[in-house]
Participant: 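Dropping a structure here in C-alpha cells format, bear with me for questions.
Naming convention: chains lettered A, B, ... in sequence-line order (proteins, then strands); numbering from 1 in each chain.
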Number of protein chains: 2
Amino acid sequence: MNIQSGTASQQAYETLRQRFARMGHIRNALGILGWDKDTMMPTGASHSRAESIATLAVLSHELMTAPDMAALLDRADAPDDAMARANLREMRRQHAHAAAVPSDLVEAASRAASHCEMAWRTARRDSDFAALLPALQTVLSRTREIAAAKADALGLSPYDALLDQYDPGTRQADIDPVFAELSSELPDLIATALDHQKGQPAPLPLPGPFEVPAQEKLGRDTMRALGFDMARGRLDVSLHPFCGGAEDDVRITTRYERDDCLNALMGVVHETGHALYEQGLPGAWRAQPVGEARGMSLHESQSLLMEMQICRSRPFMDWMAPRLRAAFGGSATDAAWTPENLHRLVTRVRPGFIRVDADEVTYPAHILVRYEMETALIAGKMKLADLPEAFNTRIHDLLGLKVPEDRLGCLQDIHWPSGSWGYFPTYTLGAILAAQLREAAERDTPSIMPAIGNGDFAPLLDWLRPRVHARGSGASTVEIVRDATGAVPNTGPYLRHLRQRYCAEA
Amino acid sequence: MNIQSGTASQQAYETLRQRFARMGHIRNALGILGWDKDTMMPTGASHSRAESIATLAVLSHELMTAPDMAALLDRADAPDDAMARANLREMRRQHAHAAAVPSDLVEAASRAASHCEMAWRTARRDSDFAALLPALQTVLSRTREIAAAKADALGLSPYDALLDQYDPGTRQADIDPVFAELSSELPDLIATALDHQKGQPAPLPLPGPFEVPAQEKLGRDTMRALGFDMARGRLDVSLHPFCGGAEDDVRITTRYERDDCLNALMGVVHETGHALYEQGLPGAWRAQPVGEARGMSLHESQSLLMEMQICRSRPFMDWMAPRLRAAFGGSATDAAWTPENLHRLVTRVRPGFIRVDADEVTYPAHILVRYEMETALIAGKMKLADLPEAFNTRIHDLLGLKVPEDRLGCLQDIHWPSGSWGYFPTYTLGAILAAQLREAAERDTPSIMPAIGNGDFAPLLDWLRPRVHARGSGASTVEIVRDATGAVPNTGPYLRHLRQRYCAEA
C-alpha cells in the first residue's frame with residue numbers, strides 16, 4: 001500500500017509537471033506577444049492583439065484552476081530532490097494565489113484597470129486628479145477586494161497578499177523598519193551629497209549629436225561584453241525600456257535620443273541586468289514554476305547591480321570612455337570624454353519630481369512616499385481624495401520640493417491606475433539587495449572591479465550565476481541573499497555605497 | 001415548445017460562436033508567433049518556440065474536439081442571415097475535419113513530418129533520394145491514414161479529403177480535365193513562346209548594385225499604392241517570402257539581393273496580393289470561420305492576379321519604370337530602364353528545373369508533374385521508390401529537360417516531407433482563377449488597366465473587394481468565381497492570357 005500510495009503521489013506530481021509546463025509554454029507565447037505589441041505591432045491591430053492576449057490568459061487561468069487541481073496538489077509528492085520539492089511548493093503557491101480570487105472579480109478588476117489606464121493618460125496630460133478619481137477609486141476597490149480574498153486564503157494581511165504577488169515571501173513587517181531607517185537617513189544624505197557635489201567641478205556636457213546606429217552598435221557591443229547571449233535574445237526599441245520575451249528568447253529594449261547617448265546606454269545595461277538573470281535561470285527547470293525568477297526585488301537587484309553598482313562606477317567608465325569617444329567621433333583632447341567627467345555625468349545628483357528620471361540618491365524618496373500612500377490606502381486608513389495633498393507633503397519632507405501640479409506628483413506613474421498595488425517597494429528593496437550582493441561579490445572575488453576596468457565582466461557573472469540566477473525559485477529571496485552574502489537583507493551595504501560614492505566617505 | 005426549441009438552438013449557436021472566437025484568437029496568436037519565428041527569433045529559441053506553438057495548437061484542437069461539440073453543432077441553428085448560416089456550415093466543416101482523425105494519429109503524423117523535414121534538408125543537399133526514402137515513406141503512410149480517416153468521415157475519396165483541407169469543395173474530378181487540357185496544350189505553348197521570344201530583342205540587364213534600403217522603400221511605396229493598409233500590417237525580411245500574421249495585422253516578407261531589384265519587388269507585389277485578400281475579409285466576422293479566406297486556390301488567385309496579371313503587365317511597367325530608375329539612380333538615357341525592357345525582363349520565358357524560379361509559362365508544368373505523382377502515391381498506384389524516375393520522365397515530356405540529379409527534381413520542395421499532400425494543385429488553380437477574375441474585372445471596368453498605367457490601383461481593388469475579399473468563406477470557390485465572372489472556373493482566360501502575352505496572339 002505504501003508503494004502504491006507513493007506511486008499515486010508521484011503520478012500526481014508528474015501530471016502537475018505537465019500541466020505547469022503547458023502554462024509555461026503559454027506564458028512564453030504571451031511574452032512574445034507582449035514584446036511584439038510594444039515594438040512591432042501596427043496600431044490597427046490593438047483590438048485583435050488584446051483579444052489574443054486575453055484568450056491565452058484565460059486559458060492559462062482555466063488550467064490553473066481546473067476542478068481537480070486542488071486534489072492533485074494535495075496528493076502530489078515530489079521526487080527526493082530539493083529543486084523538485086521547491087517546484088511543488090511553488091505550484092501550490094501559484095495555485096493558492098489563482099484559486100483565491102473568483103474569476104468574475106479577476107475580470108472586473110482587469111476591466112476596471114483597462115478603463116482607468118485610458119482615463120489616466122488624459123488625466124495626467126491635464127494634471128486633473130479629480131477627473132481620474134472615480135476610475136481610480138474603482139481600481140482601488142477591486143484591488144482591496146482581491147487583497148481581502150487573497151489575505152483570507154493565504155493567511156496574510158491584505159497588503160502582504162498584494163506584495164506576495166510580486167515578491168513572494170516579502171512582508172510589510174520586513175519593509176517597515178528598513179523604510180523607516182531610510183526615511184530618517186535620506187534628507188541628511190541628500191543634503192550631504194549635494195553639498196559634496198558643490199565642491200566638485202561641474203560635469204562637461206558631451207558634444208553631440210549622437211547618431212542612432214552608432215548608439216545601437218555601442219549598446220549591442222556593451223550587452224555582449226556584460227555576458228548577454230545574443231543567440232538567446234534581442235535588443236530593440238520601444239517607448240519605455242523593458243525586458244521581456246520568453247525562455248531562451250530574452251528581449252530587451254531601449255530608446256534613443258540624438259542629443260544624449262548616456263540615457264540609452266544606461267537603459268541597455270539596466271535591462272541587460274534583468275536579462276542576465278533570465279538567461280541564467282536553471283535550464284533543467286524550463287517552463288516549471290521553480291525555474292522562474294524569484295521575485296521582483298531580486299529581479300530589480302540584478303538590473304540595479306548592473307546599472308548602478310557596476311556601470312555607473314569609475315572602473316566601468318575607465319573601460320567605457322575610449323569606446324564612447326570612438327563611437328561618436330569625439331576628440332582625444334576633449335575633457336568631456338575622460339572617465340572622470342563621464343563618471344560625474346552618470347552620478348549627478350539633482351532632486352526632481354519625476355521618479356523615472358531620479359538619480360540613485362533621491363530615487364528611494366520617491367518610493368518611500370508611494371509605499372506610505374499605498375499601504376494607507378489599501379488598509380483603508382486614507383481616503384483616495386486625500387492622496388494628492390498627502391503625496392505632495394511627503395515629497396516636500398524628503399526632497400524639499402513643492403509639487404506644482406499632480407502631473408508631476410501622484411499622477412505620474414501608471415502603477416496604481418493599472419492595478420499594480422504592492423509593486424513600488426520592490427524597486428528600493430532591489431537597490432538594497434544590489435549593494436549587498438555587489439559588496440559580497442567583491443569580498444569573495446576582489447578581482448571583480450579591476451577586471452571590469454579592463455572590460456572583463458566574467459568574474460562578476462561567475463559569482464552571480466550559481467548564487468542568484470541558477471537558483472530560480474528554489475529558495476526564498478531571504479535565503480538566496482543570505483546564502484550568497486552571509487547576511488539577511490539589510491541596508492548596511494546600500495547606505496555605505498551611497499555615502500562612499502556621493503559623500504566621499506571612506 | 002417551438003419557441004423554446006428555437007431558443008435552445010440559437011443558444012447553441014451563440015455558444016459555438018464564442019468557442020470559435022477563442023480558436024480564432026489562438027489562431028491569431030499562432031500567426032504572430034509563426035511570423036516572429038521566421039523574421040525575428042534568435043536561433044537559440046527554436047525549442048522554446050516549438051513548445052509554445054505546439055501547446056497552442058493542442059489547446060485549439062482540444063476546444064474543437066471537446067466532447068459536447070458534436071451535440072452543439074447538431075442542435076445549433078444560425079440566425080436568419082446568409083453569412084451566419086454559412087458560418088455554422090463552416091463550423092461543421094472544420095469540426096468534421098478535426099474530429100475525423102484520432103489525436104494519436106495527428107501527433108504521429110506531426111512527429112513524422114518534423115523528422116522528415118530535418119532529413120530532407122540533408123538529403124536535398126546531398127541529392128540522395130534513397131536516404132530520404134524511409135522517413136518520406138512514414139510521412140506518406142501517416143498521410144494516407146489521415147486521408148482514409150477523413151475520407152470515411154466526409155464521404156470523399158482519400159485525395160479529395162486531403163485537397164479539401166487546403167481548398168474546401170475542390171475535387172480531383174474538377175481538376176483532372178483542367179490539368180489534362182493544360183498537359184496537352186503546354187508543350188506547344190512553351191515552344192511557341194520560346195520561338196516568339198527569339199524574334200524579340202534580348203532584355204538588357206539593369207545596372208546595379210541595388211542598395212537594400214532603396215529596395216525596401218520602393219517595396220513599401222508600391223505596397224501602399226496597391227492598397228495595402230500599413231496601419232494593419234508590416235513588411236519585413238525572411239529567407240522565403242510569405243504572407244502571415246493575424247487579423248488586422250497582416251505581415252508580408254521579401255528577400256533582398258544587391259545584384260537584382262526585380263525579384264524582391266515581384267515578391268512584395270505577390271505577397272501584397274495575398275495581404276489585400278486578408279485585409280479585405282469581412283470585418284463583421286473577425287475570428288469566425290466564415291470570416292476566413294475561402295481556400296488556397298482563391299488565395300493564390302489574389303497573389304497571382306497582382307503579380308502576374310497586373311505587375312508583370314506593360315501598363316504597370318509604364319508607371320513603375322521611372323520610379324525604379326529614380327530609386328536606383330539610373331540614367332534617363334539608359335535603355336535598360338524603359339518600360340519595354342523592364343516588361344521583357346519580368347516576362348522572360350526560360351524552362352528550368354526549379355519550380356519557385358519558374359516563369360509564368362513553364363510554371364504549370366511543374367505543378368502538373370507533382371499533381372500526377374501525388375495523386376498516384378496517395379491512391380497507392382505508385383511506389384515511393386519509383387518517384388524519381390516517374391518525376392523526371394514527366395519533366396522531360398513537358399519541359400524537354402533531363403533532370404541531372406534529384407536535388408533539381410523530386411527533392412526540391414518541402415511540401416511532401418512536411419506532410420502537405422494535396423496542396424500543389426492550388427498554385428495552378430490559382431493562376432487560372434487569376435486570369436478569369438482579371439478578364440472579368442476589365443470587362444466590367446475597362447478603366448482598370450489604363451488607371452494602373454497612372455499608378456491608380458483603386459478601380460481594381462474596388463472591383464475585387466466586394467466580389468472576392470469581403471465574401472470570406474460565405475460561399476464556395478466555384479460560387480464566388482461564378483458570381484464575380486459570370487462563369488464557373490475554366491481555363492479559357494488563362495490560356496488566352498498566356499497566348500496573348502507570350503505568343504503575341506490577339
Side-chain angles (χ1 to χ4, degrees), chain A residues 18-37 39-60 62-63 213 228-236 245-252 275 278-279 281 283 286-287 291, chain B residues 18-37 39-60 62-63 213 228-236 245-252 275 278-279 281 283 286-287 291:
Chain A
Q18 289 171 17
R19 292 203 194 171
F20 276 87
R22 261 195 176 189
M23 293 180 236
H25 302 323
I26 297 175
R27 191 174 57 245
N28 284 331
L30 282 166
I32 299 301
L33 293 174
W35 168 86
D36 184 274
K37 179 169 76 71
T39 57
M40 298 286 159
M41 190 183 81
T43 53
S46 57
H47 177 74
S48 151
R49 181 62 51 87
E51 295 283 356
S52 282
I53 288 175
T55 297
L56 296 196
V58 165
L59 285 168
S60 185
E62 284 176 1
L63 287 169
F228 187 99
D229 178 0
M230 284 288 183
R232 297 192 295 134
R234 296 177 50 96
L235 169 66
D236 295 277
E247 284 174 322
D248 293 319
D249 197 355
V250 181
R251 301 184 177 193
I252 69 171
E278 291 288 323
Q279 291 192 332
L281 289 168
R286 290 270 187 278
Chain B
Q18 289 171 17
R19 291 202 193 170
F20 276 86
R22 259 195 178 189
M23 293 180 236
H25 302 324
I26 296 174
R27 191 174 57 245
N28 284 331
L30 283 166
I32 298 301
L33 294 174
W35 169 86
D36 184 273
K37 180 168 76 70
T39 57
M40 298 287 160
M41 190 182 82
T43 53
S46 55
H47 177 73
S48 152
R49 181 61 50 86
E51 295 284 356
S52 283
I53 288 174
T55 297
L56 297 196
V58 165
L59 285 168
S60 185
E62 284 176 1
L63 286 170
F228 187 99
D229 177 1
M230 285 288 185
R232 297 192 295 133
R234 296 178 51 96
L235 170 66
D236 294 278
E247 286 175 322
D248 294 319
D249 198 353
V250 181
R251 302 185 177 191
I252 70 171
E278 290 288 324
Q279 292 192 329
L281 288 168
R286 290 268 187 282

Participant: For A/Arg232, is it the side chain, the backbone, both, or neither that has a heavy atom closer than 4.5 Å to a heavy atom of chain B?
Facilitator: both
Participant: Taking it one step at a time, do A/Arg251 and B/Asp36 satisfy salt bridge (Lys or Arg N to Asp or Glu O under 4.0 Å)?
Facilitator: CA-CA 13 Å; A/Arg251 301 184 177 193; B/Asp36 184 273; 2.8 Å; yes
Participant: Under 4.5 Å heavy-atom distance to chain B, tell me which part of A/Met41 shows up: side chain, backbone, both or neither.
Facilitator: both
Participant: Return the minimal non-hydrogen interatomic distance between B/Asn28 and A/Ser48, and the atom names on each side.
Facilitator: ND2-OG, 3.9 Å
Participant: For the interface with chain A, which of B/Gly233, B/Ala287, B/Gly24, B/Ala54 has the highest count of heavy-atom pairs at distances below 4.5 Å?
Facilitator: B/Gly233
Participant: To the closest 0.5 Å, what do you measure between OG (A/Ser46) and CG (B/Asp249)?
Facilitator: 10.0 Å
Participant: At what distance, to the nearest 0.5 angstrom, does CZ of A/Arg286 lie from CD of B/Glu51?
Facilitator: 11.5 Å
Participant: Could you tell me which portion of B/Thr55 (side chain, backbone, both or neither) has an atom closer than 4.5 angstrom to a non-hydrogen atom of chain A?
Facilitator: side chain
Participant: Counting only non-hydrogen atoms closer than 4.5 Å, does A/Arg49 touch chain B with its backbone (N, CA, C, O), its side chain (CB onward), both, or neither?
Facilitator: side chain
Participant: Look at B/Ser52, B/Ala29, B/Ala246 and state which one has the largest set of heavy-atom pairs under 4.5 Å with chain A.
Facilitator: B/Ser52
Participant: Would you mind checking which part of B/Met40 comes under 4.5 Å of any heavy atom in chain A, side chain (CB onward), backbone (N, CA, C, O), both or neither?
Facilitator: both
Participant: Are B/Glu62 and A/Arg22 close enough for a salt bridge, meaning some N to O gap below 4.0 Å?
Facilitator: yes
Participant: Give, for atom CG of B/Leu33 and atom CG of A/Leu33, the distance between the pair rounded to the nearest 0.5 Å.
Facilitator: 5.0 Å
Participant: If you measure from CG on A/Leu56 to CG on B/Leu56, what distance do you get to the nearest 0.5 Å?
Facilitator: 5.5 Å
Participant: Could you check whether any side-chain heavy atom of B/Pro42 comes within less than 4.5 Å of a side-chain heavy atom of A/Arg234, counting everything from C-beta outward?
Facilitator: yes
